[in-house]
Amino acid sequence: MTSANTNPPTDDDRYERIWAIVSDIPAACVLNYGEVARLAGLPGRARMVGRALARAPARLKLPWHRVVNSRGEISFRPDSSRHQRQRELLEAEGVEFENNIIDLERHAPSSVLDRMLWGP
DNA sequence: AAGATGACTAACT
DNA sequence: AAGTTAGCCATCT
């Protein structure tokens with residue numbers, strides 16, 4: 001290789017990795033912040049995922065609503081318009097809520113794919 | 001410059 | 001079962 005990148009990763013690098021992971025979450029699937037962090041190579045840094053999403057340029061059109069917390073809840077204050085918005089987007093693609101909680105197992109990408117291939 | 005704040009979470013009580 | 005704590009750490013006051 002001619003010019004290997006030996007520089008340590010910057011926060012901007014990390015944000016971009018996070019954005020890349022989120023952009024690949026299929027419709028009707030959800031991942032929690034910690035999982036996105038791990039997939040982005042940043043274990044233990046769930047908070048950074050939230051930060052990255054808050055900073056994401058609108059131009060990227062990320063499916064940010066497919067990221068919820070580890071309990072399967074929307075992390076915005078329940079009375080906020082952002083909470084309402086996220087819930088609408090999720091329900092519009094078929095994600096079901098049971099008492100404001102999503103069944104993370106049922107809506108994990110592997111589960112959703114499984115149902116697509118083999119049926120319920 | 002230091003303390004508070006979060007789109008977080010696992011591990012305690 | 002619900003509340004607290006410790007770790008997370010870039011950003012915002």
Side-chain angles (χ1 to χ4, degrees):
Chain A
M1 42 188 145
T2 51
S3 63
N5 181 5
T6 53
N7 300 339
T10 65
D11 285 335
D12 283 342
D13 294 332
R14 299 186 176 106
Y15 291 138
E16 288 189 10
R17 298 182 58 103
I18 290 167
W19 295 337
I21 296 299
V22 173
S23 70
D24 284 344
I25 305 175
C29 296
V30 300
L31 251 38
N32 67 50
Y33 295 91
E35 288 171 330
V36 172
R38 278 192 293 280
L39 291 169
L42 301 164
R45 302 175 74 170
R47 297 194 93 130
M48 190 164 197
V49 173
R51 228 176 288 136
L53 292 180
R55 293 171 59 94
R59 157 179 61 81
L60 296 181
K61 298 253 178 12
L62 292 185
W64 57 269
H65 57 283
R66 298 179 189 145
V67 185
V68 298
N69 70 28
S70 63
R71 301 182 330 207
E73 301 166 317
I74 288 171
S75 275
F76 293 117
R77 285 200 352 257
D79 57 356
S80 68
S81 61
R82 299 154 93 194
H83 181 111
Q84 197 176 335
R85 174 94 174 99
Q86 182 168 9
R87 175 149 183 163
E88 284 170 6
L89 289 167
L90 286 168
E91 288 183 323
E93 43 188 55
V95 174
E96 293 176 1
F97 287 76
E98 195 87 39
N99 279 342
N100 299 311
I101 295 180
I102 298 166
D103 183 334
L104 289 181
E105 174 59 28
R106 179 172 181 79
H107 291 282
S110 62
S111 293
V112 174
L113 176 57
D114 226 46
R115 272 197 304 285
M116 282 177 58
L117 293 175
W118 305 109

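Chain letters run A, B, ... following the sequence lines, proteins first and then strands; every chain starts at 1. All values below come from the heavy atoms of this structure, side chains included, with hydrogens, waters and symmetry mates left out. Being a predicted model, the structure only gives us computed values, none of them experimental.
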Tabulate atom names and distances for all N/O pairs under 3.5 angstrom spanning the protein and nucleotides 10-12 of chain B.
none

- Query: Are A:Asn100 and A:Ile74 side-chain neighbours, meaning at least one heavy-atom pair lies under 4.5 Å?
  - Reply: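 Answer no - side chains too far apart.
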
- Would you indicate whether the side-chain heavy atoms of A:Arg66 and A:Val95 approach each other to under 4.5 Å?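 They are not in side-chain contact.
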
Could you tell me which non-hydrogen atom of [X] sits nearest to which non-hydrogen atom of [Y], and how far apart they are?
X: A:Val112; Y: A:Arg106; value: CG2-O, 3.9 Å
X: A:Ile18; Y: A:Ala40; value: CG1-CB, 4.0 Å
X: A:Val68; Y: A:Glu73; value: CB-O, 3.3 Å
X: A:Tyr15; Y: A:Arg55; value: CE1-NE, 3.5 Å
X: A:Val36; Y: A:Leu31; value: CG2-CB, 3.9 Å
X: A:His107; Y: A:Ile102; value: CD2-CG2, 3.6 Å

- Between the side chain of A:Arg82 and the main-chain N/O of A:Phe76, is any donor-acceptor distance below 3.5 Å?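 Here the side-chain-to-backbone pair does not exist.
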
- Item | Short side-chain to backbone donor-acceptor contact, A:Asp114 and A:Ser111, under 3.5 Å |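 No, A:Asp114 side chain to A:Ser111 backbone: no donor-acceptor pair under 3.5 Å.
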
N/O-N/O pairs, protein side and nucleotides 1-3 of chain C side, under 3.5 Å:
none

When you look at [atom1] of [X], are more than 12 heavy atoms from neighbouring residues, nucleotides or ligands closer to it than 6.0 Å?
X: A:Glu88; atom1: CD; answer: yes
X: A:Arg17; atom1: CZ; answer: no
X: A:Arg115; atom1: CZ; answer: yes

- Using heavy atoms and a sub-4.0 Å distance, could you list which residues of residues 93-103 of chain A are near DNA chain B? By number, please.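 Heavy-atom cutoff 4.0 Å gives no residues at all.
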
- Task: Give me the residues of residues 6-31 of chain A where at least one heavy atom lies under 4.0 Å from an atom of DNA chain B, by number, or none.
- Result: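 DNA chain B contact set from residues 6-31 of chain A: none.
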
- Under the side chain to side chain donor-acceptor pair (under 3.5 Å) test, which residues partner A:His65, sequence neighbours left out?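 A:His65 satisfies side chain to side chain donor-acceptor pair (under 3.5 Å) with A:Glu93 once adjacent residues are dropped.
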
- Query: Contact class for A:Arg55 (heavy atom, under 4.0 Å): base, sugar-phosphate, or nothing?
  - Reply: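 Answer is sugar-phosphate: A:Arg55 comes under 4.0 Å of backbone atoms only.
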
Filtered N/O pairs between nucleotides 4-7 of chain B and protein, under 3.5 Å:
| unit_1 | atom_1 | unit_2 | atom_2 | d |
| --- | --- | --- | --- | --- |
| B:dG6 | N9 | A:Arg47 | NH2 | 3.0 |
| B:dG6 | N7 | A:Arg47 | NH2 | 3.0 |
| B:dG6 | N2 | A:Arg51 | NH2 | 3.3 |
| B:dA7 | N3 | A:Tyr33 | OH | 3.1 |

- C:dA1 and B:dC8: how far apart are their P atoms, nearest whole angstrom?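 That atom pair is separated by 23 Å.
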
- Item | Rounded distance in Å between the P positions of B:dA7 and C:dA2 |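 One P to the other, the span is 23 Å.
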
- Query: So, is A:Arg45 near the phosphate of C:dC9, with a side-chain N or O under 4.0 Å from OP1 or OP2?
  - Reply: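 Indeed, a polar side-chain atom of A:Arg45 lies that close.
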
- Atom pair CG (A:Leu89) and CD (A:Gln84), whose distance is rounded to the nearest 0.5 Å: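 Between A:Leu89 CG and A:Gln84 CD, I get 11.0 Å after rounding to 0.5 Å.
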
